[in-house]
Each structure stands twice: as structure tokens, then as C-alpha cells.
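First comes the structure, then the notes that go with it.
Owing to the predicted nature of the structure, the values given are computational and were not obtained by experimental measurement. We name chains A, B, ... by the order of the sequence lines, and we start the count at 1 in each one.
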Amino acid sequence: MAILNDEYVKRYGGTLFLRIEDTNPHNILPEAYDMIPEDLEWLGVKVHEIVIQSDRFELYYDYAKKLLEMGKAYITTVPAEEWRRLKSEGKPTKDRDLPPEEHLERWDKMLSGDYDEGEAVYAVKTDLQHPNPAIRDWAAFRIIKDVEHPRLGDRYIVYPLMNFSVAVDDHELQLTHVLRGKDHLNNTYRQMYLYDYFGWKKPVYIHYGWVTMRDTILKTSLIKEGIKKGKYIGWDDPRLGTLRALAKRGIEPEAIRKYWIQVGLKEVDIEFSWDTLYAYNRELVESKAKRYFFVWNPKEVEIKGVEEIEGKAPLHPNIDMGFREYKLFSPIKIFVTMEDWEKIENGEIFRLKDLCNVVKREGYLEYAGNDLNIVKSGAKIVHWVPRDSLPCKVYMPDGKILEGYAEKYVENSINEIVQFERFGFTKIYKDRELVGYFAHR
RNA sequence: GCUCCGGUGGUGUAGCCCGGCCAAGCAUUAGGGGCUCUCAACCCCUCGACCCGGGUUCAAAUCCCGGCCGGAGCACCA
């Protein structure tokens with residue numbers, strides 16, 4: 001979604017703020033402070049300013065006090081459950097209409113720690129008769145003592161809730177447009193009360209629909225747990241839908257940007273389409289990915305009937321990038337994938353791509369010349385890899401790991417996205433041995 | 001239950017505000033063919049949608065009403 005914010009700013013001019021909303025110390029991912037800006041940078045989203053809400057508590061407190069003075073907020077000592085019940089009945093708490101002085105006094109007591117957690121809460125008055133119960137008087141500050149904030153430690157015990165801090169920031173930063181999920185619709189209505197009380201100018205709100213990704217885990221809490229339990233190798237595990245995972249697999253930021261731009265902003269829920277994203281990425285990557293052979297589930301076979309074979313394959317079929325060259329000497333042993341091997345009948349002639357023709361025999365291959373015309377008459381084409389190839393593991397998005405061999409020239413393309421012929425686009429890395437992360441076909 | 005949104009092919013989107021040029025465009029996917037020493041790219045073809053019912057109108061995907069379906073929220077989370 002940051003992409004769409006960025007596009008807005010690009011098209012119409014303006015400033016893009018990245019706001020880190022860390023006002024709930026129970027649920028803060030310390031890694032996120034770095035990960036979010038990094039991810040945005042990778043996406044090419046130009047953030048003009050970063051605002052961290054935990055830096056701004058004093059500001060929220062100022063407005064909180066003003067609102068109390070105006071009589072538009074109150075501090076209730078009624079337990080949460082009872083308050084909720086009263087609201088559903090459209091009734092005020094017993095302390096809602098006490099004079100502002102009393103509430104200001106209570107506010108000071110909140111700040112100084114005289115109340116324990118849950119003993120007092122700061123509420124914004126709206127309309128108790130509002131037909132939508134979700135809109136009636138809402139909590140804006142609460143007391144938290146049992147946990148330290150990763151950035152603030154125990155400096156504050158009164159924490160703003162999202163609706164208050166967000167509204168104050170939106171106004172203070174003079175936002176003109178707010179893009180948020182439609183799950184915030186009611187929050188927008190709630191925040192409007194603050195705008196009205198303070199007489200602020202309202203930004204334009206755009207609410208977009210729910211995005212679902214089939215077969216993909218998006219919830220950060222689940223990911224975090226999975227990583228902790230060792231189920232995932234990290235935030236970039238290829239099974240995940242995180243930006244880091246996509247990056248690792250060689251999905252380019254431009255493809256993601258293009259995808260979201262075409263999806264646009266609507267209040268309808270949408271189902272994310274991997275196919276479409278892959279299509280955009282393929283478009284970007286097709287012309288730069290070098291072609292290599294990778295044989296998974298390898299079957300070793302010997303080619304009999306020749307002493308020496310030479311072959312040559314272009315690194316790209318349509319663009320001049322040079323060649324991979326092969327010289328094989330007797331005994332000539334190669335790998336092909338089991339799938340191919342099993343599909344070919346004994347006695348059938350087929351072509352080893354860019355090498356030669358062979359006939360399948362019981363347990364070996366028989367050299368059959370190098371006449372390309374056999375392909376025209378319907379012979380199968382199979383990719384292969386010489387005996388001296390490098391072991392390579394490819395991680396698939398569904399969690400499968402394919403083991404096999406990649407031709408040694410792949411070493412020239414470490415950290416690049418390549419296309420393993422008849423297999424798919426794969427980003428190559430090397431630690432001790434070659435590993436690939438599969439992007440798409 | 002209450003409040004609020006929304007419903008165009010498998011997926012996403014254009015058109016809806018300002019009715020006709022929409023026998024609904026585009027992309028992706030799927031199927032078929034061509035080309036190619038890849039199951040990539042490229043070219044061609046095909047399948048496939050206006051949620052339903054009324055109304056207004058010469059004319060409705062577009063306006064109105066009702067229904068159905070889907071979603072969101074109803075937290076001292078964001």
C-alpha cells in the first residue's frame with residue numbers, strides 16, 4: 001500500500017510520511033523499526049519523513065489536556081466491562097459528566113501513577129445515542145505499567161490509543177490524504193469527532209478493501225512464531241509473502257509496484273494474484289536472465305558410442321550474451337532428470353539440448369549424431385548437465401526443496417536471477433554450495 | 001443482533017458520477033495453433049462476466065426500489 005501512497009505523492013506532489021505506530025508496548029516488533037524503512041527503500045518508495053509515535057507522547061498529552069478543558073473528554077474509573085455495557089445501552093458512566101476540573105485532576109493522577117492499570121481510562125465523548133455503537137465514546141489513553149516499551153522503557157505509563165494519536169498526527173503533519181484499509185472505517189468516524197472539536201481541516205480518506213493471498217501467510221504474528229519455532233528460516237523464507245521473501249526469490253520491486261498500481265484503490269476485497277505478479281516480473285526479468293541447465297532429481301547415464309562430444313549453448317536465446325561451451329570425453333557421463341528419463345521409451349531417439357541426439361537403451365544412451373532435423377520430426381528435447389556440474393538446491397515457494405546439479409557456468413551468475421531452462425526463473429546464491437530460490441516459470 | 005461498506009469473466013481492472021458509441025475494453029490465467037534446439041519470449045485463435053427481481057426511459061452495467069450474497073467494525077489492538 002505504501003506504493004500507492006508513493007504514487008499519489010509522485011503524481012500530485014506532496015510529502016510522504018512513514019509513521020511508525022508503536023503505542024501498544026504489548027505488541028511491538030523491535031525489528032520492525034529497521035525492517036519497514038528497509039523494505040520501503042527496496043520498493044523504491046521515497047519516504048520524505050519518518051515519524052515515530054513514541055517520540056510524540058508529550059504532544060498527545062497536550063491535546064488530551066485541551067480536550068478535557070473543553071469538556072469533550074473525561075476520565076472514567078468504571079471498569080472496562082461495565083463501560084462497554086453502558087455504551088451498548090447508550091448510557092453515560094457515572095463520572096462522564098463531572099466538571100472538567102475533576103477530570104483534569106484525574107488526568108494528573110493518571111500521569112503521576114496514582115492509578116493502576118485498568119483503574120482509569122481517558123475517553124473521548126462522542127454521541128451516546130449514535131446509531132452505530134462502535135462510534136459511541138471511545139478510549140483514547142490507558143495505563144500500562146507491566147511492560148516496558150522497547151524505545152521508551154518505563155518513561156511513560158499513560159499510553160495513547162491509536163485513534164487519538166493518529167488523529168493528532170494526521171492534523172499536526174497536515175495530511176491531505178489518508179489511505180487506509182476499510183477495517184478503519186469506523187475509526188475514521190471516531191476520529192472525526194476530534195476534528196470537529198478542535199476545528200481541524202479534514203483530510204480526504206480513502207479506504208481500500210481486504211487483500212487475501214491464497215496459500216500464503218501474511219499475519220506477522222504467525223510469521224514471527226514460525227520463525228521462532230524454526231519452521232521458517234527467517235523473514236525471507238520463500239513460503240512467505242513478505243517483501244523480503246519476494247526479493248530473495250528475485251521478484252523485482254518494479255513488478256510489485258506495477259501490480260499494485262493496476263489493482264488500484266477500491267473498497268472491494270481483492271484476492272491477490274500470484275500469476276499476475278509473476279507475469280509482470282517475467283516481463284522484467286526475461287531479457288536479462290541468463291539461461292542455464294539445472295537437473296533436479298538427477299539420473300546419471302552414460303552416452304556410449306562416441307569418444308568426444310562438443311556442444312555450445314547461448315546464454316540467452318534472443319540476446320547476445322555469449323555462450324556456454326561443453327567438451328565431453330569418453331566415458332561420457334551426464335545427468336538428466338528422472339522425470340524426463342521415465343517419459344522416454346527404450347529405443348526412442350531424443351535430443352540433448354545443444355549437445356547431440358541419443359537413443360535410449362536399457363540403462364544407457366547411444367550416441368545418434370547431431371542432426372537437428374530429428375526435432376522437426378517430433379523428437380523430444382531434454383536438458384542435461386555434465387558429470388562435473390555443481391550440486392545445487394532449489395527452494396520452492398511451496399516449501400519443497402529440489403536437489404540436483406547446475407552446470408558450472410552458473411557460478412558466473414551468483415546473486416542474479418537466471419532461467420533454468422525448462423524449469424523456471426530462479427535467483428542464485430552461494431554459501432557453501434549453490435542454492436536457488438525459485439521465482440516463477 | 002446493531003452500524004457501515006461493497007457486488008463486471010478463474011483473478012485483477014476499465015466503463016457506473018454526466019443512461020445510448022458496451023452484442024462490455026484491457027491484463028493475467030486456461031485451452032488450441034504457429035515459431036523456436038526451453039515447458040521462457042514472440043505471433044495468431046478460442047473459452048469466459050455486468051448478483052437477482054421489479055421500476056423509470058425510446059434506450060440501463062450505468063438512475064430508483066426491494067431482495068440475495070460477500071466484507072468490515074461493534075477492544076482500555078492497530
Check every strand shown and say whether [X] touches a base, only sugar-phosphate, or nothing at a heavy-atom separation below 4.0 Å.
| X | answer |
| --- | --- |
| His207(A) | nothing |
| Arg19(A) | nothing |
| Val78(A) | base |
| Asn187(A) | base |
| Phe293(A) | nothing |
| Thr23(A) | sugar-phosphate |
| Ala80(A) | base |
| Trp138(A) | nothing |
| Phe141(A) | nothing |
| Pro79(A) | base |

If I pick the [atom1] atom on [M] and the same atom on [N], what distance separates them, to the nearest angstrom?
| N | M | atom1 | result |
| --- | --- | --- | --- |
| rU46(B) | rA24(B) | P | 13 Å |
| rC63(B) | rA14(B) | P | 15 Å |
| rA23(B) | rC68(B) | C1' | 28 Å |
| rC64(B) | rG48(B) | C1' | 31 Å |
| rG10(B) | rG31(B) | C1' | 14 Å |
| rC42(B) | rU38(B) | C1' | 14 Å |
| rG20(B) | rU36(B) | C1' | 48 Å |
| rC35(B) | rC17(B) | P | 49 Å |

Interatomic distance, [X] [atom1] vs [N] [atom2] [rounded to whole Å]:
| X | N | atom1 | atom2 | value |
| --- | --- | --- | --- | --- |
| Tyr208(A) | rU13(B) | OH | C1' | 19 Å |
| Leu86(A) | rC74(B) | CG | P | 19 Å |
| Ile144(A) | rA75(B) | CD1 | C1' | 13 Å |
| Asp269(A) | rG73(B) | CG | C1' | 13 Å |
| Trp260(A) | rU28(B) | CH2 | P | 18 Å |
| Arg180(A) | rA72(B) | CZ | C1' | 14 Å |
| Met162(A) | rG73(B) | CE | P | 12 Å |
| Leu161(A) | rC76(B) | CG | P | 8 Å |

Taking the cut-offs as 6.0 angstrom to the six-membered ring centre and 45 degrees off its axis, would you call Lys182(A) and Trp210(A) a cation-pi pair? no

Tell me whether the NZ or CZ atom of Arg441(A) lies within the 45° cone about the ring axis of Trp274(A) and under 6.0 Å from its centre. no

Is the closest basic N to carboxylate O distance between [X] and [Y] below 4.0 Å?
| X | Y | answer |
| --- | --- | --- |
| Arg324(A) | Glu421(A) | yes |
| Asp137(A) | Lys87(A) | no |
| Asp170(A) | Arg19(A) | yes |
| Glu416(A) | Lys290(A) | yes |

Intra- and inter-strand pairing of RNA chain B, written as dot-bracket with Watson-Crick and G-U pairs under 3.5 Å and | for the latter, reads (((((((..((((......[....)))).(((((.......)))))....(((((..]....))))))))))))....

Measure up the Tyr205(A) and Tyr195(A) rings against each other and bin them: parallel (under 30°), tilted (30 to 60°), perpendicular (over 60°). perpendicular

Specify whether Tyr61(A) and Trp107(A) have parallel, tilted or perpendicular ring planes, treating 30° as the upper limit for parallel and 60° as the lower limit for perpendicular. perpendicular

Measure from the side chain of [X], starting at C-beta and using heavy atoms only, and say which of [options] lies closest.
| X | options | value |
| --- | --- | --- |
| Gln262(A) | rG71(B), rG12(B), rC74(B) | rG12(B) |
| Pro133(A) | rA72(B), rA78(B), rC2(B) | rC2(B) |
| Lys182(A) | rG12(B), rA72(B), rG73(B) | rA72(B) |

rA72(B) phosphate, OP1 or OP2, under 4.0 Å from Trp210(A) side-chain N/O: yes

Over 12 non-hydrogen atoms of neighbours within 6.0 angstrom of CD in Glu345(A): no

May I ask you to decide if [Y]'s main-chain N or O and [X]'s side chain share a donor-acceptor pair within less than 3.5 Å?
| X | Y | answer |
| --- | --- | --- |
| His103(A) | Asp95(A) | yes |
| Ser413(A) | Tyr409(A) | no |
| Asn297(A) | Glu403(A) | no |
| Glu117(A) | Asp146(A) | yes |

Of Arg282(A), Glu286(A), Arg291(A), which meets side chain to side chain donor-acceptor pair (under 3.5 Å) against Gln419(A)? Arg291(A)

What protein N or O atoms touch nucleotides 8-11 of chain B N or O atoms at under 3.5 angstrom, if any, and at what distances?
| residue | atom | partner | partner atom | Å |
| --- | --- | --- | --- | --- |
| rU11(B) | O2' | Glu271(A) | O | 3.4 |

5′-ward residue of the pair Glu81(A)/Asp183(A) relative to RNA chain B: Asp183(A)

With B for base contact, S for sugar-phosphate-only contact and - for none (protein heavy atoms under 4.0 Å), nucleotides 33-43 of chain B reads ----BBBBS--

Could you go through the ring-ring contact (aromatic ring centres under 6.0 Å, His included) check for Trp138(A) and His130(A) one step at a time? CA-CA 12 Å; Trp138(A) 45 273; His130(A) 198 288; over 10 Å; no

Once salt bridge (Lys or Arg N to Asp or Glu O under 4.0 Å) is applied, what residue pairs with a partner in residues 151-160 of chain A remain, sequence neighbours excluded? Asp55(A)-Arg151(A)

Selection: residues 103-129 of chain A, any non-hydrogen atom under 4.0 Å of RNA chain B: Gly118(A), Val121(A)

Using distance only, find each side-chain donor-acceptor pair of residues 372-379 of chain A under 3.5 Å and give its atom names and separation, not counting sequence neighbours.
| residue | atom | partner | partner atom | Å |
| --- | --- | --- | --- | --- |
| Asn373(A) | ND2 | Asp371(A) | OD1 | 3.1 |
| Ser377(A) | OG | Asn373(A) | O | 3.4 |
| Ser377(A) | OG | Ile374(A) | O | 3.0 |

